[in-house]
Amino acid sequence: MTDAADLTAPRRRRTGGRAGHSARAGHEVIDQMPWRVPLNTDRPTEPLPPEGVQAIHDGAMRVLSEIGIEFLNDEALGHLRDAGCKIEGQTARFDRQFVEEMVAKAPPSFTLTPRNLARQITIGEGHIVFGNVSSPPNAWDLVRGKRPGDMETYREFIKLTQYFNCMHFAGGYPVEPIDVHASVRHLDCLYDKLTLTDKVVHAYSLGPERVEDVMEMVRIAGGLSHAEFDATPRMYTNINSVSPLKHDWPMLDGAMRLARRGQPVVVTPFTLAGAMAPVTLSGAVMLSVAEALAAIALLQWIAPGCPVAIGTFTSNVDMKSGAPAFGTPEYIRATQMTGQMARFYRLPLRSSGVCAANVPDAQAMWETMNSLWAAVQSGTNMVYHAAGWLEGGLIASPEKFVMDCEVLQQFQRYFEPQILGTSEVDLAIDTIAEVGPGGHFFGCQHTQDRYQDAFYGPFLSDWRNYEAWQLAGSVGTTERAHGIYKRIIAEFEPPPMDAGTQDELTDFVARRKREGGAPTDF
């Protein structure tokens, strides 16, 4: 397979919202939209009637009170015992009133402030933010094919995350760099994330050392005192339950550590209908809600008012192979249903931009588009894996990343209020009279004054006719995306960081490596 890097000198097209382009700094490989945090003003899709929402809530309360949730963490069990929950072995059963009281303490929104204050994002209040693919063990690109993740590839994805303005936060590792030992991997990964990006970052809840190291590195990178770090959300963690009906030790440990310091926790059960959850959507969503509320109640007991979000990762499996399926009709409905439940509890919602396709092809894009529309329709506030996800989360692809960012920009344009204007100028009645029957609007002044900003202009899509496209080399979407990705990496410049701050961060990493980093059994 030949390198496609030279095949795609991307045509510079106008992009909706050109007025904001002056906010961009330095040379750009593509003409992209400026940084913004979209506000979703659409009325959410609500497939459940009010009695359906109540039924799922009642069912979740029954699961928590009658069946219970296993907490494989003695500290968490101790807190729940103190709260009056019934503890038998490692199973906690919750009183309905206690859960409802604790969940009500959680704020309906929160703001995350990274080291660059201009990259601050709000989770909730109708906002929708997008983050990079997180946690695949493998990478795939057009030249090298599928391969295990490594540090060089990890850095490439971090650079893409920083470069694209439609990426609002740097979630988990875009690909797992297995060439760095697990004991110190978090140190190298967060150092690169904090120096190659200036956006909100994430900590994996995979043991006390990793969580504490990341919080300290975020504090150092922000030039913050310990009190300043604790005073406002600066980073976050995402924890997953072990469906069905279980929360494990490291996830709970990390969540409790962040909650005590005022840092947000996103609780995302992974309930695949037909495998780790009932085959019925209402049953799968109900189980997911129960597992999430159990952890949220725990965190609110420990740190009342600490910022949390409820996450949905409810989809179905292929009943022929058992493989996870994403972007399906069932995934869309489950996400919409969970959105109704999140609003019922007044909690921010996290969902994902996911697919089951193995390469960045048509299937990859229609499944991802289904997932993203589900996010919009459900009122999702935080979209994980919005760029670069393949093979049900086992592959990260830079071409898919670029292709997804084209789609995310289109969603951002979709949300811009100016395209819905209904003023006298927008209605253009005088212009219609001027053009008259059988005329055209290309040359009229109303069009001339607005044509540059009137419509979304892509950086990746090719709108030429077939003959023009063929004369230009018949370059497909994936090849064009590959060329853009290669140019971004070649021309990337990291965001500025104070030299003293970077030295302190470097020294911290070096010291923690000398101390052994995080313990492992290998």
Side-chain angles (χ1 to χ4, degrees), residues 73 75-76 79 102-103 105-117 119-125 127 129 131-132 134-135 168-173 186-187 189-191 193-194 197-241 247 249-268 292 295-311 347-350 381-382 384 505 508 512 518:
N73 184 295
E75 181 188 352
H79 286 299
M102 290 300 105
V103 172
K105 294 179 181 293
S109 67
F110 54 87
T111 298
L112 283 159
T113 305
R115 68 180 181 90
N116 180 355
L117 302 185
R119 304 288 198 179
Q120 187 181 78
I121 57 176
T122 296
I123 309 300
E125 298 179 4
H127 296 96
V129 295
N132 55 274
S134 301
S135 305
H168 299 103
F169 62 95
Y173 307 160
H186 67 289
L187 297 167
C189 285
L190 264 295
Y191 179 86
K193 191 179 289 189
L194 289 167
T197 79
D198 58 3
K199 300 178 180 181
V200 168
V201 303
H202 153 277
Y204 283 110
S205 288
L206 295 174
E209 294 80 8
R210 292 180 179 88
V211 167
E212 294 292 346
D213 284 345
V214 172
M215 286 196 287
E216 183 64 5
M217 291 173 73
V218 171
R219 185 193 69 79
I220 293 170
L224 306 168
S225 67
H226 290 282
E228 289 171 330
F229 177 86
D230 293 352
T232 188
R234 303 284 181 175
M235 50 165 288
Y236 75 98
T237 191
N238 178 85
I239 67 168
N240 303 109
S241 55
H247 285 287
W249 185 88
M251 293 281 181
L252 290 168
D253 178 81
M256 291 186 291
R257 288 176 185 273
L258 262 71
R260 283 191 289 263
R261 298 193 66 181
Q263 304 305 307
V265 178
V266 181
V267 185
T268 309
I296 290 170
L298 166 69
L299 298 176
Q300 294 303 318
W301 172 261
I302 294 171
C306 68
V308 295
I310 190 168
L347 293 172
L349 176 66
R350 170 245 150 142
N381 306 113
M382 186 181 206
Y384 244 61
L505 200 59
F508 176 83
R512 288 293 294 121

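Values below: every heavy atom of this structure, side chains too, minus hydrogens, waters and symmetry copies.
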Are the side chains of I296 and L347 in contact, using a 4.5 Å heavy-atom criterion?
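The answer is yes, as the side chains (C-beta and beyond) meet within the 4.5 Å cut-off.
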
Report yes or no: is the cationic atom of R350 (NZ for Lys, CZ for Arg) under 6.0 Å from the centre of the six-membered ring of Y384, at an angle within 45° of the ring normal?
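Satisfied, under 6.0 Å and within 45°.
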
Apply side-chain contact (heavy atoms from CB on, under 4.5 Å) to residues R219 and R234 and explain how you reach the verdict.
CA-CA 8 Å; R219 185 193 69 79; R234 303 284 181 175; over 6 Å; no

Out of E212, E209, E75, which residue meets the salt bridge (Lys or Arg N to Asp or Glu O under 4.0 Å) rule with R257?
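The salt bridge (Lys or Arg N to Asp or Glu O under 4.0 Å) with R257 is passed solely by E212 among E212, E209, E75.
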
Heavy-atom pair of closest approach, residues [X] and [Y]:
| X | Y | value |
| --- | --- | --- |
| S134 | G171 | OG-C, 3.7 Å |
| N132 | G172 | ND2-O, 3.4 Å |
| L112 | P114 | O-CD, 3.6 Å |
| P304 | K105 | CB-CD, 4.1 Å |
| V265 | A255 | CG2-O, 3.6 Å |
| V211 | L206 | CG2-N, 4.5 Å |

Between T232 and T113: side-chain donor-acceptor atoms closer than 3.5 Å:
no

Do the ring planes of Y236 and F169 sit parallel (below 30°), tilted (30 to 60°) or perpendicular (above 60°)?
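Perpendicular, since the angle between the ring planes exceeds 60°.
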
Measure the CE-CG distance between M102 and L298 for me, rounded to the nearest 0.5 Å.
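Taking CE in M102 and CG in L298, the distance rounds to 10.5 Å.
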
CD/Q263 to OG1/T237 distance, rounded to the nearest 0.5 angstrom?
11.0 Å

How far apart are the C-alpha atoms of M217 and L187, what are their side-chain angles, what is the distance that settles it, and do they pass the side-chain contact (heavy atoms from CB on, under 4.5 Å) test?
CA-CA 9 Å; M217 291 173 73; L187 297 167; 4.0 Å; yes

